[in-house]
Amino acid sequence: MLLTDDAPIREQRPYHLAQWAEQAERSVLRQMIDVVSRPDILSFAGGLPALELFPQEAYAEAMARVLHDDARALQYGPPYKPLKEQIVALMAQRGVSCTLQQVFITTGAQQALDVLTRLLLNPDGEVLLEEVVYTGMQQALAPHGPRILPVSTDLQEGMDVDVVERWLTTGARPAFIYAIPEAHNPLGVSLSAERRERLVGLAQRYGLPIIEDDPYGFLSDGETPPPLRALNEEWVFYVGSFSKILAPALRLGWIVAPEALAPQLTVAKEACDLESSALTQRAVAAFLQAGHLPGHLSRLREAYGRRRRAMLASLAQHFPAEARWTEPTGGMFVWVALPPGVDTVALLERTIAEEEVAFIPGHAFAIPGCQANHCLRLNFSNATVAQIEDGIARLGRVIGEWLIRD
Ligand code: PMP
């Protein structure tokens, strides 16, 4: 059994937890990642950046300099202004113009999602969410118990904006729409330019905030449509992260939101952790100031692009004709849909037992009431081209046999 049944543990618990916590289970994703991170397993399961590509030396230098030069790096302190200035410049590279006062530093994008949810959502509120979506957003929502209005996603063009419009024209007034327009996690799809325009138009018309989650935006190849925030500064609250462009362990991210929200954002964040690490903020600002990011980003794009193309070519070569998958232009994931009826949790047991290769079953990303049992997510950022070619061939063999046998 890959997924442990923790019901007996729950029965023994002497505590009365809040209602949402009584129902919460450890994320299916985490449970699976524990199982599939055995060293003998070739894993496409996690969502990790490549360890060997971290700019370890340059960051170590920046950190040493900061620690040596200024004891305020170890003190409580307000958000570090030079970092905000660097973020304004970074946003300009994504085609977004914003001011220092609109930038709000967070402890990772995950905290940004948590803080924005607390800011916008009432206990009896509603939220518009894709049927298959980043589990961290689902976790941020869980304590608030909102009614979720599901939206389907097209694997070529992204979120189905017709469905969004139908919800709104039939009277739904969600607290916000959550969107990952660039290289979606877990689907790998990017929202088309036309759908971006329409989605933002709906937000404007109905006075509805969009939380735009963009951790992968700097990693895409070639020309990409502008982020939603470039189209509208009033209704789009942009969330950025240093996790994928620098390193997740920094736990540093940001929000670009209307300046008028700054006091409430500050209160919500202070409840979480008072402030983000002064040391990390200064070290990242020093790293950026030294001009390391552009070269690092092109190395990442080049390496991840090679891995992504290898995965897509291997899928075409080794997966059965009935399988469909997304063709991302960036990010870290490819989403595969097998014929309906294939249970990818059972398939995972078989690929581990027979070929020692792992992925995440689609089920892990489906919102309550929706299902993606015949789908799976593959990560390409954390395996070499040789491992990708070998692993996808092995997965393809097991899937091919499954389709013949079952
Ligand atoms: N949003 C998405 C879509 C993600 O994939 C992730 C990380 N996997 C996050 C937010 C959280 O990022 P951070 O490490 O900055 O908290």
Side-chain angles (χ1 to χ4, degrees), residues 27-30 32-33 37 43-51 54 83 87 90-91 94 103-118 127 129-142 151 153 158-159 176-191 210-220 227-229 236-256 268-269 272-273 276-277 280-281 284 300 304 308 326 328 330-335 360 362 364-367 377-382:
S27 123
V28 177
L29 199 66
R30 289 251 166 242
M32 286 178 186
I33 286 175
S37 43
S43 179
F44 302 117
L48 306 183
L51 193 74
F54 288 138
L83 178 63
I87 290 172
L90 266 179
M91 292 309 306
R94 294 279 292 124
V103 174
F104 187 83
I105 307 280
T106 61
T107 302
Q110 186 63 35
Q111 183 180 64
L113 300 179
D114 184 36
V115 163
L116 285 169
T117 297
R118 290 203 264 157
V127 169
L129 212 58
E130 286 167 289
E131 291 171 357
V132 169
V133 79
Y134 173 55
T135 51
M137 186 68 220
Q138 301 187 47
Q139 288 170 311
L141 290 170
V151 180
T153 308
M159 184 189 286
F176 61 83
I177 302 173
Y178 172 68
I180 314 166
E182 198 62 39
H184 192 285
N185 177 9
L187 299 175
V189 65
S190 292
L191 196 62
I210 300 175
I211 298 182
E212 176 178 34
D213 191 5
D214 192 40
Y216 306 105
F218 291 91
L219 297 179
S220 283
L228 305 179
R229 175 56 176 73
V236 180
F237 304 167
Y238 178 99
V239 174
S241 173
F242 287 106
S243 288
K244 307 299 172 359
I245 60 175
L246 229 169
L250 305 174
R251 309 307 309 130
L252 202 61
W254 68 94
I255 298 171
V256 179
K269 179 185 162 61
C272 296
D273 65 352
S276 297
S277 157
T280 309
Q281 289 184 63
V284 170
L300 287 182
Y304 290 160
R308 192 179 67 234
T326 48
M332 299 186 167
F333 308 106
V334 177
W335 182 257
I360 301 274
F365 305 95
I367 61 174
R377 188 191 76 174
L378 296 169
N379 166 264
F380 55 77
S381 59
N382 196 29

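All values reported here derive from a predicted model rather than from experimental measurement. Both ligands and their constituent atoms are indexed starting at 1 by order of listing.
In this structure, the side chain of Arg377 engages the main chain of Ala45 through a donor-acceptor pair within 3.5 Å. Distance alone, capped at 3.5 Å, places no donor-acceptor pair between the Thr153 side chain and the Met159 backbone.
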Quick one: table the atom pairs, ligand 1 N or O against protein N or O, below 3.5 Å, distance rounded to 0.1 Å.
{"unit_1": "ligand 1", "atom_1": "1 (N)", "unit_2": "Asp213", "atom_2": "OD1", "d": "3.4"}
{"unit_1": "ligand 1", "atom_1": "1 (N)", "unit_2": "Asp213", "atom_2": "OD2", "d": "2.5"}
{"unit_1": "ligand 1", "atom_1": "5 (O)", "unit_2": "Asn185", "atom_2": "ND2", "d": "2.9"}
{"unit_1": "ligand 1", "atom_1": "5 (O)", "unit_2": "Tyr216", "atom_2": "OH", "d": "2.7"}
{"unit_1": "ligand 1", "atom_1": "8 (N)", "unit_2": "Lys244", "atom_2": "NZ", "d": "3.0"}
{"unit_1": "ligand 1", "atom_1": "14 (O)", "unit_2": "Ser243", "atom_2": "OG", "d": "2.6"}
{"unit_1": "ligand 1", "atom_1": "14 (O)", "unit_2": "Arg251", "atom_2": "NH1", "d": "2.8"}
{"unit_1": "ligand 1", "atom_1": "15 (O)", "unit_2": "Ala109", "atom_2": "N", "d": "2.7"}
{"unit_1": "ligand 1", "atom_1": "15 (O)", "unit_2": "Ser241", "atom_2": "OG", "d": "2.6"}
{"unit_1": "ligand 1", "atom_1": "15 (O)", "unit_2": "Ser243", "atom_2": "OG", "d": "3.1"}
{"unit_1": "ligand 1", "atom_1": "16 (O)", "unit_2": "Ala109", "atom_2": "N", "d": "3.2"}
{"unit_1": "ligand 1", "atom_1": "16 (O)", "unit_2": "Gln110", "atom_2": "N", "d": "2.9"}
{"unit_1": "ligand 1", "atom_1": "16 (O)", "unit_2": "Arg251", "atom_2": "NH2", "d": "2.8"}

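Side chains of Phe365 and Thr135 form a contact here, defined as non-hydrogen atoms less than 4.5 Å apart. Residues Val239 and Glu212 fail the side-chain proximity criterion, which asks for heavy atoms closer than 4.5 Å.
Every salt bridge (Lys or Arg N to Asp or Glu O under 4.0 Å) that Arg94 has, sequence neighbours left out, goes to Asp214.
Side-chain N/O atoms of Asp213 and Tyr178 include a donor and acceptor closer than 3.5 Å.
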